[in-house]
There are 2 protein chains.
Amino acid sequence: MSKADPEATPREFLPHDHAHCVSDAMAAAESLCAESGARLTPVRRRVLEILLEGHRPMGAYDVLSRLDAEGLGSKPPVAYRALGFLVDQGLAHRIERLNAFIACPHPSGQDHVAAFLICRDCGTVAEVPSAPPPLPAGFQVEQTTIEAVGLCTACADGPAT
Amino acid sequence: MSKADPEATPREFLPHDHAHCVSDAMAAAESLCAESGARLTPVRRRVLEILLEGHRPMGAYDVLSRLDAEGLGSKPPVAYRALGFLVDQGLAHRIERLNAFIACPHPSGQDHVAAFLICRDCGTVAEVPSAPPPLPAGFQVEQTTIEAVGLCTACADGPAT
DNA sequence: CTTGAAGTGTTACTTTGTATCATGTACGGA
DNA sequence: TCCGTACATGATACAAAGTAACACTTCAAG
């Protein structure tokens with residue numbers, strides 16, 4: 001498996017084989033859950049697929065309306081529970097700035113420290129690996145959120161004409 | 001003026017002269033606004049004081065109920081507008097994880113990159129200076145959010161007995 | 001085949017945040 | 001001084017996001 005160059009433009013901002021990321025990530029999720037014993041039930045699996053297919057941050061209610069259309073659930077807790085599960089398992093992340101969720105393209109089972117690049121123009125969000133920021137001693141960090149808002153390459157280069 | 005040691009435990013997690021931070025920050029806010037021409041109106045000033053006195057993150061509706069009790073306004077937009085102004089001026093920050101706002105203890109007029117340490121036990125939040133995290137080239141960062149959840153020294157040392 | 005833990009369905013509600021329009025107020029220029 | 005414009009506030013009415021609680025089902029381990 002090839003490791004991404006941390007300096008390069010994230011794949012999310014470039015044209016890429018979309019169906020491929022979906023199937024890859026689903027396969028990774030399946031095997032992680034099999035390994036850990038977590039139950040990837042139909043609703044949870046479908047929510048993960050929806051996030052992966054959307055390939056952008058989706059609000060809980062966006063996800064819910066997809067579920068509803070497919071007869072998989074129509075009430076907020078259904079969506080929130082599935083999303084909570086996925087976040088707990090590291091299969092999805094919550095983007096605090098957007099009150100939204102996005103599938104993790106490379107779930108690893110570990111608590112990887114990730115940063116999110118949020119393009120304010122096109123709405124695309126890229127997850128990039130990141131070191132935990134330097135913080136004072138004497139605070140026991142358990143979880144770190146790093147979110148950067150700005151312009152992706154495409155939007156910076158070709159602003160809406 | 002003494003510069004804080006970036007390695008030391010942040011003042012927020014230690015006993016300190018509270019009234020002093022309030023008056024210092026208010027004075028700094030006054031002079032920044034005078035300089036920039038921003039209008040620190042009564043409601044805005046009072047909201048800043050409320051945040052400073054609270055010395056912890058407060059929800060917009062917490063602030064609003066204080067305002068209401070004082071006859072300064074009772075409807076959500078009053079609070080949100082004042083808070084928006086303070087955030088724009090760099091006099092307060094929004095803590096995304098908490099949907100809450102906290103006064104900036106050392107407003108500078110600059111867009112300083114700050115990290116927030118959120119104690120999940122006692123709820124105290126400290127603002128600490130931080131470098132922007134290393135991110136891939138090709139994304140034009142405009143604003144960065146860094147929030148760490150964990151345990152402050154006091155709560156890690158003496159867990160609820 | 002029972003039993004307990006985990007997952008789902010549903011009701012009802014709380015909390016958080018905004019769009020919009022009407023009204024007020026400070027302040028510089030005619 | 002009076003006026004207009006820009007900014008600030010007041011108020012209504014919603015929209016969006018999130019959760020507590022309870023009943024019921026399913027799964028899989030003993």
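So that the names make sense, note that chain A is the first sequence line, chain B the second, and so on, each numbered from 1.
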Output yes when A/Arg45 and A/Glu30 qualify as a salt bridge under the 4.0 Å nitrogen-oxygen rule, no when they do not. yes
Check: A/Leu135 and A/Val141 side chains under 4.5 Å, non-hydrogen atoms: yes
Expressed as a whole number of angstroms, how long is the span from B/Leu98:CG to C/dT16:C1'? 13 Å
In terms of ring plane angle, is the pair B/Phe101 and B/Tyr80 parallel, tilted or perpendicular, where the classes change at 30° and 60°? perpendicular
Any B/Arg94 side-chain N or O less than 4.0 Å from OP1/OP2 of C/dG17: yes
Using a cut-off of 4.0 Å on non-hydrogen atoms, how would the nucleic acid contact of B/Arg81 be classed: base, sugar-phosphate, or nothing? base
Let me know the distance between NZ of A/Lys75 and C1' of C/dT14, rounded to the nearest Å. 18 Å
Any salt bridge between A/Arg46 and A/Glu53, counting N to O under 4.0 Å? yes
How many whole angstroms separate atom CG of A/Leu64 from atom P of C/dT10? 12 Å
Beyond-backbone contact of A/Arg44 with A/Arg39, side-chain heavy atoms, under 4.5 angstrom: yes
Counting just side-chain N and O atoms, does B/Tyr80 come under 4.0 Å of either OP1 or OP2 of C/dG17? yes
Starting at the 5' end of DNA chain D and moving along, which residue's nearest nucleotide shows up first, B/Leu72 or A/Ala100? B/Leu72
Minimum side-chain heavy-atom gap A/Gln143-B/Arg97 below 4.5 Å: yes
Let me know the distance between CG of A/Asn99 and P of C/dT15, rounded to the nearest Å. 17 Å
If you compare every side-chain N and O of A/Arg39 against the phosphate oxygens of C/dA6 (OP1, OP2), does one of them come in below 4.0 Å? no
Walk along DNA chain D from 5' to 3' and tell me the first and last nucleotide with an atom closer than 4.0 Å to a non-hydrogen atom of chain A. D/dA17 to D/dC27
Does A/Phe85 or A/Val78 map to a spot on DNA chain C nearer the 5' end, using the closest nucleotide for each? A/Phe85
